[in-house]
Amino acid sequence: MASPLRSDSMVPGLPDLKPHDAIKVRLGNALASATMSLADVARLQGIPGTIENPHTSRIWLLPSWQRFQQRRCVRTTVLDFCAFEAPWRKRTRLISWHIDLSLIDRRCLSSRGCCSFTGAPHMKLEGVDPVTKQFWTKIAEPYPSSLCSLWATCFCNARAARAIN
């Protein structure tokens with residue numbers, strides 16, 4: 001099992017990492033910084049956008065990302081994949097600017113592991129699918145198509161609203 005690279009108190013990276021792990025952390029930090037810079041330029045230019053990561057991702061704990069989430073026009077949306085017909089919950093957070101994501105702001109009110117949308121137990125993303133031999137986490141990576149359709153509608157609505165103004 002791989003050693004952790006970060007912790008909640010050491011989000012930019014743990015000290016004394018192995019050289020190949022330190023490279024991963026530096027690359028991840030550089031990508032997070034570049035993404036934040038691009039997002040801020042888009043926000044300042046009035047260009048609608050979203051950034052997505054798992055709800056519990058440590059990226060949300062980075063001070064620059066916490067400051068960004070406090071900026072004018074920036075909103076946080078949390079959604080669960082089970083709300084879009086996936087058998088797993090997979091809670092996801094989006095930060096957005098100049099776009100209304102209320103169409104996709106859907107959370108499961110899971111009770112005892114059962115989905116509030118379907119009533120069925122959530123599938124756990126553990127292990128390997130015996131048929132495809134792929135990790136379930138890999139299989140669960142793509143966005144559900146119904147989420148994509150609604151998300152695209154949100155962008156179309158934002159574009160239309162921008163054209164009116």
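Only a predicted model underlies this, so the values are computations on that prediction, with no experimental measurement involved.
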Taking every non-hydrogen atom, the tightest pair across [X] and [Y]:
| X | Y | value |
| --- | --- | --- |
| A158 | H98 | CB-O, 3.7 Å |
| S7 | R58 | C-NE, 3.2 Å |
| C82 | F117 | SG-CD1, 4.1 Å |
| I139 | P142 | O-CD, 3.2 Å |
| C108 | D80 | N-OD2, 2.6 Å |
| M36 | W65 | CE-CD2, 3.3 Å |

ILVMFWY cluster, [X] and [Y] together (side-chain gap under 4.5 Å):
| X | Y | result |
| --- | --- | --- |
| I104 | W88 | yes |
| L147 | F155 | yes |
| M123 | F84 | yes |

Do the side chains of [Y] and [X] get nearer than 4.5 Å, heavy atoms only?
| X | Y | result |
| --- | --- | --- |
| D8 | L61 | yes |
| L79 | D105 | no |
| R107 | S116 | no |
| V74 | S96 | no |
| R159 | P48 | no |
| L5 | L17 | yes |
| N157 | D100 | no |
| I99 | L101 | yes |

Residues passing the side chain to side chain donor-acceptor pair (under 3.5 Å) test with S110, sequence neighbours excluded, are none
Backbone of N53 reached by a side-chain donor or acceptor of S57 within 3.5 Å:
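Flag not set: sc S57 to bb N53 has no pair under 3.5 Å.
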Spacing of [X] atom [atom1] and [Y] atom [atom2] [to the nearest 0.5 Å]:
| X | Y | atom1 | atom2 | result |
| --- | --- | --- | --- | --- |
| I59 | Q66 | CD1 | CD | 11.5 Å |
| W60 | I95 | CH2 | CD1 | 4.5 Å |
| R91 | H55 | CZ | NE2 | 6.0 Å |
| S146 | F81 | OG | CZ | 10.0 Å |

By the salt bridge (charged side-chain N to carboxylate O under 4.0 Å, His left out) test, which pairs, at least two apart or in different chains, include something from residues 34-47?
D40-R43, D40-R71
ring-ring contact (aromatic ring centres under 6.0 Å, His included) filter on F68, not counting sequence neighbours, yields W97
ring-ring contact (aromatic ring centres under 6.0 Å, His included) with Y143: which residues, sequence neighbours excluded?
W151
Checking L94 against E52 for the side-chain contact (heavy atoms from CB on, under 4.5 Å) test, could you report, in this order, the C-alpha distance in whole Å, the side-chain angles of both residues, the deciding distance, and whether it holds?
CA-CA 4 Å; L94 296 96; E52 172 273 345; 4.1 Å; yes
Tabulate below the donor-acceptor pairs under 3.5 Å that side-chain atoms of residues 19-29 make, not counting sequence neighbours, or state none.
from, atom 1, to, atom 2, distance (Å)
N29, OD1, R6, NH1, 2.8
N29, OD1, R6, NH2, 3.2
N29, ND2, P12, O, 2.8
N29, ND2, V25, O, 3.4

Pairwise side-chain hydrogen bond (donor to acceptor under 3.5 Å, both in side chains) hits with a residue in residues 126-140, at least two apart
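Those involving residues 126-140 are D129-T132, K138-E141.
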